[in-house]
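This report concerns only the one structure given below.
Here, residue 1 is the first one in the sequence, and each next residue gets the next number.
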Amino acid sequence: MELLYAFLAGLFLANGVPHFVKGITGQTHMTPFKRVSSASLNVIWGFVNFLIGFFFMNLSGESFRAIASLDSFSWSFMFGVVFMALSDAWLFSKPNARLPWQKD
């Protein structure tokens, strides 16, 4: 379970970054709630992702210092980060990007 928690921590922490950054720079960005969400909603959604990521990191019983050890825990965490980063890059690079449940 520790490796799954590390993967999920990396996934949520990485997903929080684009939402938080777009939000604090005053730009709109897609969230699960709307295709074009306000900057404020993106700050909140990014922060929620950070909280969930920290929650999973806490569940793992490891600290962020463990990521630098390059053991199976850190590789699982980094795989979660890269997986989410590539997924976001693929989705957000599409001009008409939307999640399956979002209508135009």
For the pair F56 and I52, evaluate side-chain contact (heavy atoms from CB on, under 4.5 Å) and give the outcome as yes or no after the intermediate values. CA-CA 6 Å; F56 279 117; I52 295 169; 3.6 Å; yes

Across all chains, not counting sequence neighbours, the side chain to side chain contact (heavy atoms under 4.5 Å, CB included) partners of V36 are T28

Members besides L51 in its Ile/Leu/Val/Met/Phe/Trp/Tyr cluster (side-chain heavy atoms under 4.5 Å): F47

Side chain to side chain donor-acceptor pair (under 3.5 Å) contacts in which one or both residues fall within residues 77-88, not counting sequence neighbours: none

With clusters defined by side-chain heavy atoms of hydrophobic residues (ILVMFWY) lying less than 4.5 Å apart, directly or transitively, does F77 cluster with F50? yes

Under a 4.5 Å side-chain heavy-atom rule over Ile, Leu, Val, Met, Phe, Trp and Tyr, are V81 and W45 clustered together? no

Quick one: hydrophobic cluster around L86, which other residues, with the 4.5 Å side-chain cut-off, linked directly or via members? V82

Are F73 and M1 grouped together when hydrophobic residues (ILVMFWY) are joined by side-chain heavy atoms under 4.5 angstrom apart? no

Do L41 and V48 land in one hydrophobic cluster if side-chain heavy atoms of ILVMFWY residues count as linked below 4.5 Å? yes

Around atom CZ of F33, are there more than 12 heavy atoms from other residues, nucleotides or ligands closer than 6.0 Å? yes

Show the atom names and distances, to 0.1 Å, of all donor-acceptor pairs under 3.5 Å that link a side chain in residues 2-23 to residues at least two apart or in another chain.
| from | atom 1 | to | atom 2 | distance (Å) |
| --- | --- | --- | --- | --- |
| N15 | ND2 | N49 | OD1 | 3.0 |
| H19 | ND1 | M30 | O | 3.4 |
| H19 | ND1 | N42 | OD1 | 2.9 |
| K22 | NZ | Q27 | OE1 | 2.9 |

Just jot down the side chain to side chain donor-acceptor pair (under 3.5 Å) partners of S37, sequence neighbours excluded, or say none. T31

Let me confirm one number: the CH2-OG distance from W75 to S72, rounded to the nearest 0.5 Å. 11.5 Å

